[in-house]
Amino acid sequence: MCFSCFASENGVMLPAPPDSLQTWRPRAIDLIRSLYPQVENIALVTDNTYGGISLQALVRAEWENYPDLNLVLVDSREGEETAFRTYATLPPRSAVMLGTWRVGSDGEYLMQRSLNDLVQLNPRLPVFSITRTGIGDVAVGGFVPNYENGANVIAAQIKEYYKTGSLGGVHFHLSDGEYVFDSRKLKELKIAEYALPKGSVIEDTVAAKLSKYSHYIELLVGGIVLLVLLLIFVAFLFLRTRRLKRTLEEREGQLVIAREKAEEPD
């Protein structure tokens, strides 16, 4: 009996059977249009992973509901050079939806700065995210999944099955989503908070990064303090040794003078 299986951590949850592709609505598109009514092109950035491929398939199937918008695919499967050239040539009335950007066409992981380099090729375009990719760095925000650990749900279903012998409790567990925005990017793009969807979460990503790495920062500060104390101790030993050496030289000179005087005849 198989209750679950492991999926790529790069993947995204596909719609449940009752929710067909015709009813799946990528809310990020509506968000972009509400903030940038003049937008004509939406660039979808995806990579060479299951998540990137499935997400691109969902968006392309949904695009028939947006006949007035032009979908531009920035796909790492076409090669990093081609993807960069496509992004760099996006026209002015464009916006960007970040999907996934981790693996290139050769199957190798992209450098962390690769996404920054991509966005800097066309820095005036507003960048949104539909997977949390880029939020806190290059993306202003977007409608993103609430990622969670499903181990407890799976364990509960297994326990219920062995307890009752029934599969009635076995079901797919779908994560919900929420609107998340970076306060720093909102100010940079001059987007007022009242223009955002109701219930949006505004994050101070700078503070969040500091909090995330606070332990390492504390270790770094502690190491610097210990290094300063060590340098002070070494300097103290050095000065004390010099002072003792000078004292010994002075006393040795005094002893030499005293011996010479003692050896002089009366």
Side-chain angles (χ1 to χ4, degrees), residues 9-10 45 47 49 76 80 84 96 98 100-104 106-124 126-129 131-142 144-149 151-152 178-193 196 200-264:
E9 65 179 2
N10 300 315
V45 177
D47 64 355
T49 61
S76 76
E80 197 168 356
F84 275 47
V96 180
L98 293 180
T100 52
W101 192 257
R102 293 184 179 179
V103 180
D106 56 0
E108 297 293 331
Y109 275 85
L110 298 169
M111 298 294 290
Q112 188 170 359
R113 68 172 182 273
S114 177
L115 181 59
N116 290 6
D117 294 341
L118 178 69
V119 172
Q120 288 305 314
L121 291 174
N122 217 328
R124 295 185 178 181
V127 180
F128 295 82
S129 178
T131 58
R132 270 193 181 269
T133 298
I135 295 181
D137 193 4
V138 296
V140 63
V144 300
N146 285 322
Y147 295 105
E148 56 185 287
N149 187 350
N152 293 336
E178 62 181 349
Y179 287 101
V180 177
F181 296 92
D182 181 353
S183 59
R184 177 180 58 87
K185 295 295 289 186
L186 287 175
K187 294 179 181 178
E188 182 180 317
L189 296 177
K190 298 180 180 180
I191 298 176
E193 293 187 11
L196 303 177
S200 296
V201 177
I202 311 297
E203 294 183 346
D204 186 346
T205 55
V206 175
K209 286 183 179 180
L210 291 176
S211 176
K212 180 180 179 180
Y213 298 106
S214 60
H215 178 65
Y216 300 101
I217 295 174
E218 291 174 358
L219 290 177
L220 178 62
V221 172
I224 293 175
V225 171
L226 289 176
L227 180 61
V228 171
L229 292 176
L230 179 61
L231 291 175
I232 293 175
F233 180 69
V234 171
F236 169 76
L237 290 179
F238 176 74
L239 293 175
R240 186 170 181 271
T241 302
R242 281 185 56 182
R243 186 168 60 252
L244 290 175
K245 183 179 179 180
R246 190 181 303 114
T247 302
L248 288 175
E249 290 175 350
E250 290 176 354
R251 291 184 177 179
E252 184 178 356
Q254 293 173 357
L255 288 174
V256 170
I257 294 174
R259 185 174 64 249
E260 291 177 350
K261 286 184 177 181
E263 293 176 352
E264 291 179 358

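Residues: numbered from 1 along the sequence shown. A quick note: this is a predicted structure, and the numbers were derived from the prediction, not measured.
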Practice problem: Could you tell me the separation between the CZ atom of R184 and the CG atom of L186, rounded to the nearest 0.5 Å? | Solution: 10.0 Å
Self-check item: Working for side-chain contact (heavy atoms from CB on, under 4.5 Å), residues E80 and L110
Solution: CA-CA 9 Å; E80 197 168 356; L110 298 169; 3.8 Å; yes
Quiz prompt | Minimum heavy-atom distance V138-V127, with the two atoms named | solution = O-CB, 3.6 Å
Quiz item: So, W101 and S114: side-chain donor and acceptor under 3.5 Å apart, yes or no?
Solution: yes
Self-check item: Close side-chain approach of I191 to L196, heavy-atom, < 4.5 Å
Solution: yes
Quiz item: Side-chain contact, heavy-atom cut-off 4.5 Å: V140 with I135?
Solution: no
Quiz prompt | With sequence neighbours excluded, residues passing salt bridge (charged side-chain N to carboxylate O under 4.0 Å, His left out) with E193 | solution = none
Quiz item: Taking only residues two or more places apart in sequence, or in another chain, which ones meet L226 in a side-chain contact (heavy atoms from CB on, under 4.5 Å)?
Solution: none
Self-check item: For the student: nearest non-hydrogen atoms of S200 and F181, plus distance
Solution: OG-CE1, 3.5 Å
Quiz item: Taking atom types as modelled, is there a side-chain donor on E203 or S183 under 3.5 Å from an acceptor on the other?
Solution: no
Quiz prompt | Side-chain heavy-atom pair E188, K185 within 4.5 angstrom cut-off | solution = yes
Quiz item: Please walk me through it: do L115 and L98 pass side-chain contact (heavy atoms from CB on, under 4.5 Å)?
Solution: CA-CA 10 Å; L115 181 59; L98 293 180; 4.0 Å; yes
Exercise. Mind checking the OG1-CG spacing from T241 to L237? Nearest 0.5 Å is all I need.
Key: 6.0 Å
Quiz item: Rounded to the nearest 0.5 Å, how far apart are CG of L231 and CZ of F238?
Solution: 13.5 Å
Quiz item: Taking only residues two or more places apart in sequence, or in another chain, which ones meet Q120 in a side-chain contact (heavy atoms from CB on, under 4.5 Å)?
Solution: P123
Quiz item: Between atom CG of D137 and atom CG of D182, what is the distance when rounded to the nearest 0.5 Å?
Solution: 9.0 Å
Quiz prompt | Set of residues satisfying side-chain contact (heavy atoms from CB on, under 4.5 Å) with respect to V234, sequence neighbours excluded | solution = L230
Quiz item: Sequence neighbours excluded, which residues qualify as ring pair (Phe, Tyr, Trp, His ring centres under 6.0 Å) partners of F84?
Solution: none
Quiz item: What are the two closest heavy atoms between T133 and A139, and how far apart are they?
Solution: O-CB, 4.1 Å
Quiz item: When rounded to the nearest 0.5 angstrom, what distance separates CG in D47 from OG in S76?
Solution: 4.5 Å
Practice problem: Determine the minimum heavy-atom distance between V144 and T131, stating which atoms define it. | Solution: CG1-N, 4.0 Å
Quiz item: Between R132 and E178, is the closest basic N to carboxylate O distance under 4.0 Å?
Solution: yes
Quiz prompt | Those residues that, when tested against E250, pass side-chain contact (heavy atoms from CB on, under 4.5 Å) (two or more places apart) | solution = R246
